[in-house]
Colleague: 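Input: one structure, supplied below.
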Amino acid sequence: MYVAVKGGEAAIRNAHALLAKKRRGEESVPEIGLDQIAGQLSLAVDRVMAEGSLYDRELAALAIKQARGDLIEAIFLARAFRTTLPRFGASVPVDTGAMRIERRISATFKDLPGGQVLGPTFDYTHRLMDERLATHASDADAPRQLAPSPRAGEGWGKGEERREADATPAAPMPRVTDLLGGEGLIEPSPADDGTPPRDLTREPLSFPADRPLRLQALARGDEGFLLALGYSTQRGYARTHPFVGEIRFGTVEVSLPVEELGFAVPLGDIAVTECQSVNQFKGSATEPPQFTRGYGLVFGQSERKAMSMALVDRALRFKELGEEKSAPSQDEEFVLSHCDNVQATGFVEHLKLPHYVDFQAELDLIRRMRAEAEAPDEMKEAAE
Amino acid sequence: MNAPVTASSMPAITYNFAYLDEQTKRMIRRAILKAIAIPGYQVPFASREMPMPYGWGTGGVQVTAAILGADDVLKVIDQGSDDTTNAVAIRTFFETTAGVATTTRTQDATIIQTRHRIPEAELKAGQTIVFQVPIPEPLRYLEPRETETRRLHALADYGLMQVKLYEDIARHGHIATTYAYPVKVEGRYVMDPSPIPKFDNPKMNDSPALQLFGAGREKRIYAIPPHTQVVSLDFEDHPFKVQAFKEPCALCGATGVYLDEVILDDKGGRMFVCSDTDHCSTRQAEGHTGTMSAPYQEAAHD
């Protein structure tokens with residue numbers, strides 16, 4: 001007698017016990033701590049915070065540990081927790097112009113007010129395996145001499161030793177787009193008309209989506225998906241001729257307006273990466289040509305994601321800018337419906353679930369059709 | 001489930017009854033009420049991330065969480081079975097987060113969440129069946145754009161679907177849709193019944209139970225109120241027919257039920273057993289037997 005249809009419950013319990021064991025790994029090796037993940041795998045934590053849309057380093061570290069390092073699984077854990085949290089209100093828009101800069105570069109100007117601040121970056125590293133990291137030898141020379149790197153306001157290659165403690169720039173660092181905007185060379189940021197943006201996590205997505213909604217979707221969208229789409233715009237699928245006007249990474253203050261007090265109360269700082277792309281122009285009979293922009297803003301340090309987001313944002317604006325639609329990156333239904341990796345991974349992986357009821361129906365039909373194809377006419381419909 | 005984290009600075013993680021917060025439940029209930037008021041119409045709702053993946057029943061789980069009360073008795077099936085992995089996981093989820101009573105017996109349940117089947121036992125007034133829906137839009141594979149399909153529904157323009165069914169007949173001699181077979185609800189909206197086999201479609205018509213459909217990833221809820229007309233699409237010369245099985249269930253001898261085919265060996269050996277495990281075990285408890293369940297054999301052909 002066939003019995004395998006029973007016993008699912010015990011099997012699941014066992015599978016999860018095995019998962020827990022596998023997650024722990026070799027027991028003679030010390031268990032990894034959340035502080036280690038948050039401190040030493042900080043870019044993984046950043047990604048989980050960004051795509052999980054939940055700014056909490058410790059919870060993101062917990063999610064990464066629980067997910068055995070599977071970042072999409074960790075993002076999923078963060079989302080499933082986030083969605084249960086109450087909403088107290090919306091913060092005042094953060095002012096990235098007032099960011100406490102850790103890194104700020106522009107590809108459009110050699111030097112500019114505030115200077116080029118390299119900060120912590122993989123750029124220009126030689127991608128050679130560093131065997132010192134394989135042992136704990138790197139700890140030995142931990143307080144390594146920081147090479148002279150520029151301070152805010154000092155431009156490339158100048159500057160003095162800069163430590164975390166006094167990383168605060170002396171002078172404000174105006175955004176490149178504000179500098180260009182001063183001359184009217186670039187389209188202004190859309191004016192705030194007071195309409196509260198729609199909330200993707202509280203309303204179902206509907207089309208056409210406006211730019212705030214698109215940017216929300218992109219901000220939590222899958223880095224890999226956006227990277228590929230952004231890449232495609234560079235390869236001729238909806239070319240937008242982008243320049244990286246500026247990338248800046250640092251902390252910004254988040255404030256919440258409190259009705260009773262009549263002013264906004266600072267809640268704390270969050271680290272964000274912002275990318276403003278400067279793209280080819282638009283002009284008309286009445287308006288002289290101006291550069292256009294694409295915008296990316298991501299929790300934590302993720303330049304790849306912020307840049308990809310800016311490229312895709314710009315491509316999605318084709319209609320407003322009077323461009324022709326020719327590529328997937330411009331198609332908002334395509335992009336927004338597929339950029340969420342929690343949705344995507346769920347639906348792709350649901351194919352693992354049993355489908356035998358539907359498959360049985362297909363089996364039945366194909367057998368009948370094959371029988372009809374082989375048998376003479378009187379057999380037709382007999383099966384039913 | 002997340003166990004409470006004891007790390008120093010981390011706040012305790014707690015969840016509401018049936019996981020969702022009350023504001024979210026209220027939002028979902030509003031969508032459900034609207035869906036009931038417009039049978040077969042897909043109501044957009046602000047679907048939440050759930051602690052199970054999209055495509056694994058998040059829509060059904062949200063609907064169930066929104067309507068679940070402390071005195072409800074919940075049954076969860078997948079492929080007709082209470083014991084498949086996903087059914088077990090969802091049932092355990094509600095046992096853990098809501099502490100409600102659960103059952104495998106169809107007639108004892110007040111809420112039945114299902115994936116891909118409607119139970120064989122007739123549903124009663126007062127029961128609610130919640131379907132998990134992957135793609136709520138019956139026209140989706142004919143027209144990929146939501147903006148366009150919403151327009152087609154608004155105009156009740158279902159020509160695309162009629163042409164598709166006609167082309168099936170022209171090409172295969174049959175309507176080649178065996179599950180997720182489209183229905184028309186109360187003469188107005190064409191609706192996807194979720195991927196139940198078309199065998200189950202007739203059970204939706206004039207059912208005394210409330211039928212709710214939740215699609216989490218696609219953010220849609222729709223409903224069939226009790227005693228609503230549900231008609232499977234067909235043509236006069238090609239009337240709708242359901243699947244029929246040549247043999248009875250090998251374990252309980254039931255006929256006129258949906259069967260799963262079970263491969264027994266690599267030499268073509270197979271058996272057919274009830275897809276609805278509760279129906280099958282109830283019948284076996286009543287003394288019914290099939291060809292593979294007892295020393296003697298009972299041919300249950302009617």
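Letters A, B, ... mirror the listed sequences (proteins, then strands); counts begin at 1.
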Colleague: To the nearest 0.5 Å, what is the distance between NE2 on B/His116 and CG on A/Asp358?
Modeller: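 Answer rounded to 0.5 Å: 5.0 Å.
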
Colleague: Quick one: which of B/Met50, B/Gln23, B/Arg91, B/Arg145 has the most heavy-atom pairs under 4.5 Å with chain A, could you say?
Modeller: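 Heavy-atom pair counts peak at B/Arg145.
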
Colleague: Heavy-atom distances under 4.5 Å only: say whether B/Phe245 touches chain A with side chain, backbone, both or neither.
Modeller: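 The answer is the side chain of B/Phe245.
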
Colleague: Of the backbone (N, CA, C, O) and the side chain (C-beta and beyond), which part of B/Thr58 lies under 4.5 Å from a heavy atom of chain A, both, or neither?
Modeller: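 Nothing of B/Thr58, per the 4.5 Å heavy-atom cut-off to chain A.
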
Colleague: Using heavy-atom distances under 4.5 Å, tell me whether B/Tyr258 contacts chain A through its side chain, its backbone, both, or neither.
Modeller: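 When you check distances to chain A, only side chain atoms of B/Tyr258 fall under 4.5 Å.
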
Colleague: Which atoms of A/Thr84 come close to chain B, meaning under 4.5 Å heavy atom to heavy atom: side chain ones, backbone ones, both, or neither?
Modeller: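 Both the backbone and the side chain of A/Thr84 come within 4.5 Å of chain B.
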
Colleague: Do you know the tightest heavy-atom contact between B/Ala46 and A/Pro204?
Modeller: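 It is N-CD, 3.6 Å.
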
Colleague: Mind checking the CZ-CE spacing from B/Arg171 to A/Met369? Nearest 0.5 Å is all I need.
Modeller: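 It is 10.5 Å, given to the nearest 0.5 Å.
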
Colleague: With a 4.5 Å heavy-atom cut-off (strictly below), which parts of residues 336-348 of chain A touch chain B? List them by number.
Modeller: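 At a heavy-atom separation under 4.5 Å, chain B is reached by A/Val342, A/Gln343, A/Gly346, A/Phe347.
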
Colleague: Quick one: list whatever passes salt bridge (Lys or Arg N to Asp or Glu O under 4.0 Å) with B/Glu261, sequence neighbours left out.
Modeller: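 Salt bridge (Lys or Arg N to Asp or Glu O under 4.0 Å) check on B/Glu261 returns A/Arg367, B/Arg270.
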
Colleague: More than 12 foreign heavy atoms under 6.0 Å from CD of A/Glu324: is that the case here?
Modeller: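 Incorrect, the count does not exceed 12.
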
Colleague: Could you tell me which portion of B/Ala87 (side chain, backbone, both or neither) has an atom closer than 4.5 angstrom to a non-hydrogen atom of chain A?
Modeller: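 It is neither, since no heavy atom gets under 4.5 Å.
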
Colleague: Under 4.0 Å between a Lys/Arg side-chain N and an Asp/Glu carboxylate O for A/Arg87 and B/Asp21?
Modeller: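 The answer is no: the pair does not qualify as a salt bridge.
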
Colleague: Quick check: are there more than 12 heavy atoms from other residues, nucleotides or ligands sitting under 6.0 Å from NZ of A/Lys22?
Modeller: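 It does not: A/Lys22 NZ has 12 such atoms or fewer within range.
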
Colleague: Could you work out, with side-chain contact (heavy atoms from CB on, under 4.5 Å) as the rule, every residue matching B/Thr178, not counting sequence neighbours?
Modeller: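 Partners of B/Thr178 under the side-chain contact (heavy atoms from CB on, under 4.5 Å) test: A/Ala361, A/Glu362, A/Leu365, B/Gln243.
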
Colleague: Contact between B/Arg115 and A/Pro354 at the side-chain level, heavy atoms closer than 4.5 Å - yes or no?
Modeller: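 They are in side-chain contact.
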
Colleague: Taking side chain as C-beta onward, heavy atoms only, is A/Asp364 less than 4.5 Å from B/Phe199?
Modeller: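 Contact flag for A/Asp364/B/Phe199 side chains = no.
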
Colleague: More than 12 heavy atoms of other residues, nucleotides or ligands under 6.0 Å from OH of A/Tyr237: yes or no?
Modeller: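 Counting neighbours around OH of A/Tyr237, 12 or fewer heavy atoms of other residues, nucleotides or ligands fall under 6.0 Å, so no.
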
Colleague: Of the backbone (N, CA, C, O) and the side chain (C-beta and beyond), which part of A/Leu85 lies under 4.5 Å from a heavy atom of chain B, both, or neither?
Modeller: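 No part of it gets close to chain B.
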
Colleague: At a 4.5 Å cut-off on heavy atoms, which part of A/Phe207 comes close to chain B: side chain, backbone, both, or neither?
Modeller: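 Both backbone and side chain.
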
Colleague: Measure across A/Glu9 and B/Thr92 and return the closest heavy-atom pair with its distance rounded to 0.1 Å.
Modeller: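 Looking at all heavy atoms of both residues, the shortest contact is OE2-OG1, 4.3 Å.
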
Colleague: Check whether B/Met27 gets within reach of chain A through its side chain, its backbone, both or neither, counting any heavy atom under 4.5 Å.
Modeller: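 Interface part for B/Met27: neither.
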
Colleague: Take atom CD1 in A/Ile366; do more than 12 heavy atoms of anything else shown fall under 6.0 Å from it?
Modeller: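 12 or below, so no.
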
Colleague: Where is the tightest heavy-atom contact between A/Phe81 and B/Tyr19, given as atom of each residue plus distance?
Modeller: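 Looks like N-OH, 4.4 Å.
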
Colleague: Using a strict cut-off of less than 4.0 Å between a Lys/Arg side-chain nitrogen and an Asp/Glu carboxylate oxygen, indicate whether A/Arg82 and B/Glu49 qualify as a salt bridge.
Modeller: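 Judged by the 4.0 Å cut-off on N to carboxylate O distance, A/Arg82 and B/Glu49 do not form a salt bridge.
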
Colleague: Determine whether a donor-acceptor pair (N or O, by modelled atom type, separation under 3.5 Å) exists between the side chain of B/Gln79 and the backbone of A/Val357.
Modeller: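 Yes, the answer is positive, given that a donor and an acceptor are paired below the 3.5 Å cut-off.
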
Colleague: Please look at B/Phe272 and chain A and tell me whether the side chain, the backbone, both or neither of the residue comes under 4.5 angstrom of a heavy atom of that chain.
Modeller: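 Only the side chain of B/Phe272 comes within 4.5 Å of chain A.
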
Colleague: Give the member of B/Pro197, B/Pro195, B/Pro144 that has the highest number of heavy-atom pairs under 4.5 Å with chain A.
Modeller: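 Option with the top pair count is B/Pro195.
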
Colleague: Would you say the side chain of B/Trp56 lies within less than 4.5 Å of the side chain of A/Lys352, judging by non-hydrogen atoms?
Modeller: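 When only atoms from C-beta onward are counted, B/Trp56 and A/Lys352 do touch, with a gap below 4.5 Å.
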
Colleague: Under 4.5 Å heavy-atom distance to chain B, tell me which part of A/Glu349 shows up: side chain, backbone, both or neither.
Modeller: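 When you check distances to chain B, atoms from both the backbone and side chain of A/Glu349 fall under 4.5 Å.
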
Colleague: Tell me which of these, A/Leu200, A/Leu351, A/Thr83, A/Asp35, has more heavy-atom pairs under 4.5 Å with chain B than the rest.
Modeller: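 Between A/Leu200, A/Leu351, A/Thr83, A/Asp35, the count favours A/Thr83.
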
Colleague: Let me know if B/Arg48 has heavy atoms under 4.5 Å from chain A in its side chain, its backbone, both or neither.
Modeller: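 When you check distances to chain A, atoms from both the backbone and side chain of B/Arg48 fall under 4.5 Å.
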
Colleague: Which bit of B/Ser275 comes within less than 4.5 Å of chain A, counting heavy atoms only: side chain, backbone, both or neither?
Modeller: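 Side chain only.
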
Colleague: For B/Arg26, which residues count as a salt bridge (Lys or Arg N to Asp or Glu O under 4.0 Å) partner, sequence neighbours excluded?
Modeller: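 Per chain and number, B/Arg26 pairs via salt bridge (Lys or Arg N to Asp or Glu O under 4.0 Å) with no residue.
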
